[in-house]
J.: 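The following block contains the structure, expressed as structure tokens.
We name chains A, B, ... by the order of the sequence lines, and we start the count at 1 in each one. Just so we're clear, the structure is a prediction, and the values are computed from it rather than from any experiment.
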Amino acid sequence: MHTVVSRDGSGIGLRPVSDTGVPEGEPRVVETSALAQEVARDEAAHVRWTWDDTNGWYPEFLAEGVRVDRAHDLRLAHAVLRASTLSAHTALAEAGATAWDRLTPIPPPGGPTAAALVRPDRHPGAEALFDLGESGPAATVPAGSAADDPVDPLDPVTELAAQLLAIKDSTDPGRLRLLLAAESAGALAAAEMHHAGLPWRGDVHDEILTEALGPRPRPGARPAKLEALAQKIRAALDAPPTLNPDSHQDLLRAMEYAGVGSRSLRKWELEKLDHPVIAPLLEYKSLYRLYTANGWNWLDTWAPDGRFRMEYVVGGVVTGRWASTGGGALQLPHNVRRAVVSDPGWTFVVADAAQLEPRVLAALARDERMAAAGRTKDGASTDMYAGIVATGAVDSREHAKVGMLGAMYGGTTGVSAQVLPRLARAFPQAIELVERAARAGERGEVVTTRLGRSSPLPGESWAAVQGSAFDEDAGADAQSRARSQTRSWGRFTRNFVVQGTAAEWALCWIASIRRRLWALGEDASDGAPGLAPAPFDRRPHLVFFLHDEIVVHAPAALADVVAQEVRAAAEEAGRLLFGDFPVDFPLSVAVTESYADAKG
DNA sequence: ATTGAGAGCGCG
DNA sequence: AAAGCGCGCTCTCAAT
């Protein structure tokens, strides 16, 4: 059973809809203040909360201290179903693009990103659709128009029915149902993580910055340590005080004049050079990066009150991985993770999946030998790369790692290319799977993940370049451009199946974790309530996610049981995706009060 | 003033 | 040839 959520006048309309998409009764209209008890009523019946965009509703629920267990995010589901090869022949996919295809993600509320958008343009196509004309502030559809307008293109009940039908008519309803449930659960988790925030000690962050850069400078000034390094750079280059080390052009000119012999400023290029400017320059670049990307400005903007409220974009990457916007949540540098400290009486459970992608590949290809190489033996967690060495396929862990990465990314040079034939001999099924994905991409075809997320088609310019290579007068460069583009798209599809399926594993993992954590209930010890907002103030909850890694903030008394649940969730995710195929997804798990201490 | 590119580095 | 996948952010500089 679904509860479809929509605006209804000044309140929220909640409408029951069956699992076949049939409305069962009229919407009941609820004021926000009554939300908690209304939600509790439906939660008892295990409904799936169905809405156009999780960020348009769930933050309001959470602000009332209300958590929901299951959801169906129509925007995210629509995108999957439109593209998936499993639902390609359904009415939803065969119809033209609709208003649902033009929806853009809603940023979480209250954050800098939301504030930066004066008026978020929810429906880019709305003006054309409603032909609002030139008068009037091109804004919004009047409230309640859904009722007056018989053809509301964004009616959630109509869309839900269409989606449920597409799932039923697809070639594998089970997989798509799982994918959409996981995707929506991810949306819930992302909203909850934004709501709770990652505990962030501003004072520790400031310490890190001051130690590295000197005290916070006045606006417009350079921090002391950076200024000192700038002087050293100028001295080493015999350059005037006007030389600005932040300007690549300036710097390259000065370096050429001084005969340093480098045309780029890339770290790995500079490291090969021998010149007095290199050392201070490398240090300058590193500190400059810290200062600009995660310095005091970042702290003021993103973690002003003891919590970093990251803004995830669920489904933001074509492969199904999450993206982030604004705070750079997915690029949190290791050197500032020391500022992530749990609340008094609380602790972190940090877990990451070891070698997730090669394990996913082994399972996807049902390559028993590769899976066996990664299997946990005698209860001890096995390093998959070491396991590959143990099969005799390659002679060092480094070769195993580089070779596997090359196989999954499409490496054609160096060690990875050298090792590939040996991997192909030892694990023909796994290697064949990525090779086939690459060839499909080179032909301009679509590839699909385990649960049914399909890759996009190459853009129109792709076909144009391919076509031009077949012209009578096609030059050698046109042909080589086409060839290079072909290979490039092959590398993309090669990686898509692995990265995308790994993202599905991670979604299932998160979905399972959040359900298990909630089931643990409130902290029964008389420990500190912590500073987390309701409904998580006495409960362990997810605070961070990074592709194959999670952080749970938990009352200290619950840390061990949380760790168990996180491990159990990983096993569950493996079963959900791959059934009884014997593949392990071992985790490294740490219980720690500082995120920086967890990395192993 | 705003916008877009290129460069570079952070994360997995 | 630091290759080979996926991203976001911040800076400078030139173009609008």
J.: What integer distance in Å separates A:E283:CD from B:dC9:P?
T.: 15 Å
J.: Would you mind telling me which of C:dA2, C:dG4, B:dC11 lies closest to the side-chain atoms of A:T412?
T.: C:dG4
J.: Would you indicate what A:L356 reaches in the nucleic acid, counting non-hydrogen atoms under 4.0 angstrom: base, sugar-phosphate, or nothing?
T.: nothing
J.: Indicate, yes or no, whether a donor-acceptor pair under 3.5 Å links the base of C:dG8 to the side chain of A:Q331.
T.: yes
J.: For B:dA5 and C:dG4, measure between their P atoms and round to the nearest Å.
T.: 23 Å
J.: Rounded off to whole Å, could you give me the NZ-to-P distance for the A:K401 and C:dA2 pair?
T.: 18 Å
J.: Does a side-chain N or O of A:K285 approach OP1 or OP2 of B:dC9 to a distance below 4.0 Å, or not?
T.: yes
J.: If you assign each of A:S324 and A:E357 to its closest nucleotide in DNA chain C, which residue comes earlier from the 5' end?
T.: A:E357
J.: Quick one: A:W298 CH2 to C:dC11 P, roughly how many Å, whole number?
T.: 15 Å
J.: In whole Å, what is the span from the CZ atom of A:R453 to the C1' atom of C:dG6?
T.: 13 Å
J.: Between P on C:dG6 and CG on A:L546, what's the gap in Å once rounded to a whole number?
T.: 18 Å
J.: Taking only the side-chain heavy atoms of A:T292 (C-beta and beyond), determine which of C:dA2, B:dG12, C:dT10 contains the nearest atom.
T.: C:dT10
J.: Classify A:V498 by what it touches in the nucleic acid, base, sugar-phosphate, or nothing, heavy-atom distance under 4.0 Å.
T.: nothing
J.: Base, sugar-phosphate alone, or nothing: which one does A:G327 contact when heavy atoms must sit under 4.0 Å apart?
T.: sugar-phosphate
J.: Indicate, yes or no, whether a donor-acceptor pair under 3.5 Å links the base of C:dC5 to the side chain of A:R491.
T.: no
J.: Using the ring centroid of each side chain, check whether A:H205 and A:W296 are separated by less than 6.0 Å.
T.: no
J.: What I want to check is whether the side chains of A:E572 and A:S512 have a donor and an acceptor closer together than 3.5 Å.
T.: yes
J.: Between C:dA3, B:dG10, B:dC11, which nucleotide has the shortest distance from any of its atoms to the side chain of A:K267?
T.: B:dG10
J.: Does A:R216 use its side chain to pair, donor to acceptor, with the backbone of A:T210 at less than 3.5 Å?
T.: no
J.: Search all heavy atoms of A:W462 against all heavy atoms of A:G441 and return the closest pair with its distance.
T.: CZ2-O, 4.1 Å
J.: So which nucleotide from B:dG8, C:dA2, C:dG6 ends up closest to the side chain of A:H248?
T.: B:dG8
J.: Hey, does A:S286 reach any base, or is it just sugar-phosphate, or nothing, if we go heavy atoms under 4.0 Å?
T.: nothing
J.: What do you reckon, is CG of A:D274 surrounded by more than 12 foreign heavy atoms closer than 6.0 Å?
T.: no
J.: From the set B:dG12, C:dG4, C:dA2, return the single nucleotide nearest to any side-chain atom of A:E549.
T.: B:dG12
J.: Counting the atoms with a prime plus P, OP1 and OP2 as sugar-phosphate, which does A:Q249 contact under 4.0 Å by heavy atoms, base, sugar-phosphate, or nothing?
T.: sugar-phosphate
J.: Heavy atoms under 4.0 Å, any strand shown: does A:Y288 hit a base, just sugar-phosphate, or nothing?
T.: sugar-phosphate
J.: Could you walk me through whether A:F544 and A:M310 satisfy the side-chain contact (heavy atoms from CB on, under 4.5 Å) test, starting with their C-alpha distance in whole Å, then the side-chain angles of each, then the deciding distance to 0.1 Å, before giving a yes or no?
T.: CA-CA 8 Å; A:F544 196 59; A:M310 66 289 286; 3.6 Å; yes
J.: Does A:E460 CD have over 12 foreign heavy atoms under 6.0 Å away?
T.: no
J.: Can you tell me how far C1' of C:dC5 sits from CH2 of A:W489, to the nearest Å?
T.: 12 Å
J.: How many whole angstroms separate atom CG of A:L252 from atom P of C:dC13?
T.: 11 Å
J.: Under 4.0 Å between any heavy atoms, over every strand shown, what does A:L265 touch: base, sugar-phosphate, or nothing? Just pick one.
T.: sugar-phosphate
J.: Between C:dC7 atom P and A:Y312 atom OH, what is the distance in whole Å?
T.: 17 Å
J.: Nearest nucleotide by nearest heavy atom, which residue falls closer to the 5' end of DNA chain C, A:A293 or A:F492?
T.: A:F492
J.: Kindly point out which of C:dC9, C:dT12, B:dG12 is positioned nearest to the side chain of A:N244?
T.: C:dT12
J.: Would you say A:S247 reaches C:dC13's phosphate, i.e. side-chain N/O to OP1/OP2 under 4.0 Å?
T.: yes
J.: Are A:H334 and B:dG12 close enough that a side-chain N or O sits under 4.0 Å from OP1 or OP2?
T.: yes
J.: When both hydrogen-bonding distances must be under 3.5 Å and the geometry is Watson-Crick or G-U wobble, what is C:dG4 paired with, if anything?
T.: none
J.: So does A:R321 reach the base of B:dG12 with its side chain, donor to acceptor, closer than 3.5 Å?
T.: yes
